[in-house]
Amino acid sequence: MRRSTLTITKEDLIQLSLLLSKGYSLFSSLTILGRYESIQRQLEEGADFKQFIDFHSKDPFYASLQFFMEISTLDQAILSAYDYHKIKKQLREDWLKETAYPLFVLFFAFMVFIFFEVQIYPQLSMMIDVQKGFHLHQLFYFILSVLLIFMAGIIFLSIFLFFIKKKQHQKYQQLYLNYLGRFFLIKKIISYDFALHSLILMKRGYSTKQVFECLTKLKKNTFLQINIKAMSMKLQQGEEMLQVIEQMPYLDLTFKRFFKIGFYTQNLEGCLYDYCEFQKREFKKILKTSSKLVSSIAYALIAILVISIYQLLLMPLDMITQL
C-alpha cells in the first residue's frame, strides 16, 4: 500500500482519541476536528487509516504508535503512545538540563585551545625554548589529544554499531548478547524501558502474559526486543516467568528485585511503577555525576590554558619584545 502524504498531527491525534473513547466513530471524530476532509474522502473510498500516520517520521512517537496500534484499539493506542513519550520527553529534558552547560563549557575549552594552538603557539615556539620555559603546554596538549582520541573512538563505535544494526541484524544481535547487553548502563536503560512498556499496558488492562505477547511485536533489533525474544523462547519451553526474569543477564538487579516483590505480592503494576520512579531518580544521579565530571574536565583545561598564558607573561621582557 502506498503511504499517503496526508498526516494527522500529534495534537489532533490526542483529541481524536478522546472523541473515539466517547463513542464517536472515526469519520465523525474527523468531522468534529474539521481539518481532515481529504482523509475523510479517502476513508470513504476504502483507504486504511494507518496510511495517514507518518510511521517513518523522525519523531519516535509515531513508531511507538505503530506498535500500540498492533495490539489495541486506535484510541487506546494513541493514549499509550502519548503516555510513553510524555515520560521519555521528561527524561530528555532532564538530560538536556544537566548536560547542556557542561558540554558548552567543554566545547568552549576546545575552541580556545584550537585558537591558542593555531594562532598563538606557532609564533611563540619559534622564540621560546619549550624544554626550559613552556612545559605546561605539553601537558595541556597531551590531555586534549587523549580527549580527542576518546571522542573520536566513541563516534567511530557509534557509526560501526549503526551500520551493523542496519546491515547485519544477526551480528548486531550477537554483539549485543555477548558485549553491549552486559554493560551496567545498558541494563538500566533496557530494564526501565521494559518496565515502562509493561506498566502502560497493565494500566490498559493487560495481564502479565499478554504483556509479554505484546512486547514480542516491538520493532526488531532494539535492545528491548532482543531481550523479550530471548525471554519468550524460555517461556515457551515451559519455564516460570519469575525464573526467566531472574536468569536474564541483561536485566538490572534492581529491576529483578522489584519484579520479584510484585510477583509474590500480586501487585506487579504497583511495583513496576515504584521501579520506574526509583530508576528516574537513579538516572538523574548519573546525569549529575556525569555533568560534574565533564565540567571538571572543562574547567581543568581552561585552568591549564590560563596558567600557560600567565607563564608567558613572566618571561623576560626582551623575549616578549621580539614577538
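Everything numeric here is computed off the predicted structure, so don't read it as measured data.
- Judged as a salt bridge (charged side-chain N to carboxylate O under 4.0 Å, His left out), the pairs with a partner in residues 235-248 (not counting sequence neighbours) are, in order, E246-K260.
- The cluster map of Ile, Leu, Val, Met, Phe, Trp and Tyr, joined by side-chain heavy atoms under 4.5 Å apart, puts M233 and M241 in different clusters.
- S72 places no side-chain N or O within donor-acceptor distance of the main-chain N or O of M69, the cut-off being under 3.5 Å.
- A donor-acceptor distance shorter than 3.5 angstrom exists from the side chain of K256 to the backbone of M248, with no hydrogens or angles considered.
- Here the side chains of F263 and I245 are not in contact, with every heavy-atom distance at 4.5 Å or above.
- For the pair K10 and Y82, the minimum side-chain heavy-atom distance is 4.5 Å or more.
- By the 4.5 Å heavy-atom criterion applied to side chains, D252 and F184 are not counted as neighbours.
- Listed by chain and number, the residues in a side-chain hydrogen bond (donor to acceptor under 3.5 Å, both in side chains) with R281 amount to none (sequence neighbours excluded).
- Formation of a donor-acceptor pair under 3.5 Å by the S191 side chain with backbone atoms of K188 is not found in this model.
- Looking at K187, its side chain does come within 3.5 Å of a backbone N or O of P249 through a donor-acceptor pair.
- Between the side chain of H197 and the backbone N or O of D193, at least one donor-acceptor pair lies under 3.5 Å.
- Counted by atom type alone, R204 and S80 present one or more donor-acceptor pairs between their side chains at under 3.5 Å.
- Following chains of ILVMFWY side-chain contacts shorter than 4.5 Å, one can reach Y264 starting from F258, so the two form part of one hydrophobic cluster.
- Using a 4.0 Å cut-off between charged nitrogen and carboxylate oxygen, K280 and E277 count as a salt-bridge pair.
- Side-chain polar atoms of Y84 and K88 form a donor-acceptor pair below 3.5 angstrom.
- Side-chain contact between C276 and I87 is absent, with no heavy-atom pair separated by less than 4.5 Å.
- With 3.5 Å as the limit, one finds a donor-acceptor pair spanning the side chains of T73 and D75.
- Between the side chains of Q279 and Y275, at least one donor-acceptor pair of N or O atoms lies under 3.5 Å.
- Counting only distance, with no hydrogens or angles, the side chain of Q247 and the backbone of V244 share no donor-acceptor pair below 3.5 Å.
- For the pair F68/L79, no side-chain contact is recorded, criterion being any heavy-atom separation below 4.5 Å from C-beta on.
- With no hydrogens or angles considered, no side-chain donor-acceptor pair links T31 and S28 at under 3.5 Å.
- When hydrophobic clusters are built by joining Ile, Leu, Val, Met, Phe, Trp and Tyr residues whose side-chain heavy atoms come closer than 4.5 Å, directly or via intermediates, I39 is not grouped with F27.
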